Visitor: 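Mind looking over this structure? Questions follow.
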Amino acid sequence: MRVVLLFVDGLGIGRKDRDINPCTRSPCGLLANFQGENSGALPFDGYCCGLDVTLGVKGLPQSATGQTALLTGVNAARLLNRHLNGFPNKRLREILLAHSILKKVCEMGKRAAFLNAYRPIFFNLDRETQLRLSATTVANLAAELPFFTLEDVVQGRSLYQDFTNWDLIQRGFEMPIYSPQEAGEILAQESEKYDLCLYEYFKTDAAGHSQEFDRAVEEIQKYEAFLKAFLERVDRERTLIIVSSDHGNVEDLSVKTHTRNPAMTLVWGKGARKLKEKLQSIVDIAPLILTVLKAF
Ligand SMILES: [Zn+2]
């Protein structure tokens, strides 16, 4: 059994309101999940559940604590007694370095990869500076795994955070443009090489902060097309697929900030129905992945 963990930033389960929630414009229904709709059934025999992101701490859920919780299973917000925005601080880095899911999977003797590619500038930074970046970066450093380069993207071994490569082309890099479908197929193909494959997408969170409805709809539709192509291609009998966010944001464009809505969490693959019962909060994801990989 393999696990693919797709972290999508700033996507909660919001109200079914066509004026403020771009998930109402989800053409194939993968991300059309709303409050008060309890069936939870998804295309491709998947399930949706809303996970607690408040972590028992007041205030608006934020990225550094949410992502650390998601990637380690440790309630990082409770430890700090607040939600921390942006990149992890020293305490959160310590948690990630000790408990990163990528590290734990490597320690089990299994193959793990963080599939996001980094620009050349990243490789010129020393480790101390790299540790000041995103929670996913720290989680990968904790595992002492290599980082993918833009050449890996060109060769179809990795994806950039903007899987179409459009951001890179705007920055002057010569890159192929991938459709969301092509990127989803690359993810399916490459994820087969690993027991745990992690891929991060955060343009959804940026779209939420912008409060621009058309931009948010475009992000939702792009991500959904990517996910659909991946699900069509991946061997769902042999793969557990978990898509989860760290907190809400884009599902409510009436506010510029994150929300306290549950994180949208989607589960596909063998045993998905039973496994999703074990998920109540974002801290439950990393332990579930370890349990599944230990059992198979
Ligand atoms: Zn944000």
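Just so it is clear, the structure is predicted and the values come from calculations on it, not from any experiment. In listed order, ligands and their atoms are each counted from 1.
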Visitor: Applying the ring-ring contact (aromatic ring centres under 6.0 Å, His included) criterion to Tyr199, which one of Phe230, Phe226, Phe114 satisfies it?
Guide: Phe226
Visitor: Using a distance threshold of 2.8 Å, state whether an N, O or S atom of Asp9 lies below it from the Zn ion (ligand 1).
Guide: no
Visitor: So, Lys104 and Glu107, do they make that salt bridge, N to O below 4.0 Å?
Guide: no
Visitor: Does Lys110, at its NZ atom, have more than 12 non-hydrogen atoms belonging to other residues, nucleotides or ligands within less than 6.0 Å?
Guide: yes
Visitor: Does His258 put an N, O or S atom under 2.8 Å from the Zn ion (ligand 1)?
Guide: yes
Visitor: Are Tyr160 and Phe173, when compared by the centres of their aromatic rings, separated by less than 6.0 Å?
Guide: no
Visitor: By atom name, which N, O or S atom of Asp205 is the nearest to the Zn ion (ligand 1)?
Guide: OD2
